[in-house]
Amino acid sequence: MKILKKVLIIAISLIFFAYVAYQAFFKSPWSFHLSAPKIFFIIALTFFYSIGIGFVGMSWVSALQVKVPDLSMPYGLRVYFLAGIGKYLPGNLGHHVGRVWML
């Protein structure tokens with residue numbers, strides 16, 4: 001059940017991302033000329049950025065393990081990412097969702 005929940009959350013996130021990207025690039029009054037290489041480049045940069053955030057999270061957990069030796073890496077990364085989502089989602093994503101909704 002936990003795996004199904006995670007897969008469902010990821011699927012909803014990807015669908016929302018695709019919808020926002022479609023609205024931003026194809027329904028926008030500004031002209032965007034996206035070719036396949038540009039789209040691949042955007043996806044590749046997003047992937048590498050995500051990997052970089054993962055490394056930052058791993059270094060945070062490693063530093064925290066000095067004081068809390070029982071802290072496991074998966075649990076520490078979960079705390080790191082959920083805290084980041086809780087911090088940035090309301091303020092930094094909410095206005096983007098509102099802009100797309102108002103289009």
Side-chain angles (χ1 to χ4, degrees):
M1 190 65 174
K2 288 175 94 175
I3 294 174
L4 180 64
K5 183 179 175 183
K6 289 179 183 181
V7 168
L8 185 62
I9 290 171
I10 291 171
I12 290 171
S13 299
L14 290 175
I15 290 169
F16 178 75
F17 177 76
Y19 172 76
V20 170
Y22 175 78
Q23 292 291 328
F25 291 117
F26 298 112
K27 297 288 186 174
S28 174
W30 300 286
S31 175
F32 289 100
H33 301 288
L34 289 178
S35 61
K38 289 181 184 176
I39 292 173
F40 175 76
F41 186 69
I42 291 169
I43 291 171
L45 286 180
T46 302
F47 173 76
F48 288 124
Y49 181 76
S50 299
I51 296 296
I53 290 175
F55 283 131
V56 171
M58 288 177 10
S59 65
W60 179 80
V61 174
S62 295
L64 196 58
Q65 285 175 336
V66 171
K67 289 288 187 181
V68 186
D70 297 342
L71 181 66
S72 69
M73 185 62 71
Y75 183 75
L77 286 174
R78 181 177 179 200
V79 169
Y80 179 80
F81 289 121
L82 288 177
I85 289 171
K87 179 180 178 183
Y88 291 112
L89 186 65
N92 287 348
L93 186 65
H95 65 282
H96 294 295
V97 172
R99 288 178 190 166
V100 171
W101 179 74
M102 291 173 57
L103 288 177

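Residue indices begin at 1 and follow the sequence shown.
The cluster map of Ile, Leu, Val, Met, Phe, Trp and Tyr, joined by side-chain heavy atoms under 4.5 Å apart, puts Leu64 and Val61 in the same cluster. Two different hydrophobic clusters hold Leu14 and Phe40 under the rule that ILVMFWY side chains link at heavy-atom gaps under 4.5 Å. Hydrophobic clustering (side-chain heavy atoms under 4.5 Å, transitive across Ile, Leu, Val, Met, Phe, Trp, Tyr) keeps Ile42 apart from Phe48. The same ILVMFWY cluster, assembled from side-chain heavy atoms under 4.5 Å apart, contains both Phe47 and Ile53. Hydrophobic clustering of Ile, Leu, Val, Met, Phe, Trp and Tyr side chains at less than 4.5 Å, counting indirect connections, unites Leu71 with Phe55.
Residue Leu45 is found in a hydrophobic cluster whose other members, listed by chain and number, are Phe41; membership requires side-chain heavy atoms under 4.5 Å apart, directly or through intermediates.
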Show the numbers, then the answer: is there a side chain to side chain contact (heavy atoms under 4.5 Å, CB included) between Tyr75 and Asp70? CA-CA 10 Å; Tyr75 183 75; Asp70 297 342; over 6 Å; no
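Heavy-atom contacts from other residues, nucleotides or ligands closer than 6.0 Å to CZ of Phe81 number more than 12.
Here Val56 pairs with Tyr80 under the side-chain contact (heavy atoms from CB on, under 4.5 Å) rule; sequence neighbours left out. In this view, Ser13 and Ile9 satisfy the side-chain contact (heavy atoms from CB on, under 4.5 Å) rule, not counting sequence neighbours.
Evaluated for a side chain to side chain contact (heavy atoms under 4.5 Å, CB included) with Ile12, the options Ile10, Ile15, Leu8 yield exactly one hit, Leu8.
You'll find the side chain of Gln65 stays beyond 4.5 Å of the side chain of Ser72, heavy atoms only.
Rounded to the nearest 0.5 Å, atoms CG (Leu77) and CG (Leu82) are 10.5 Å apart.
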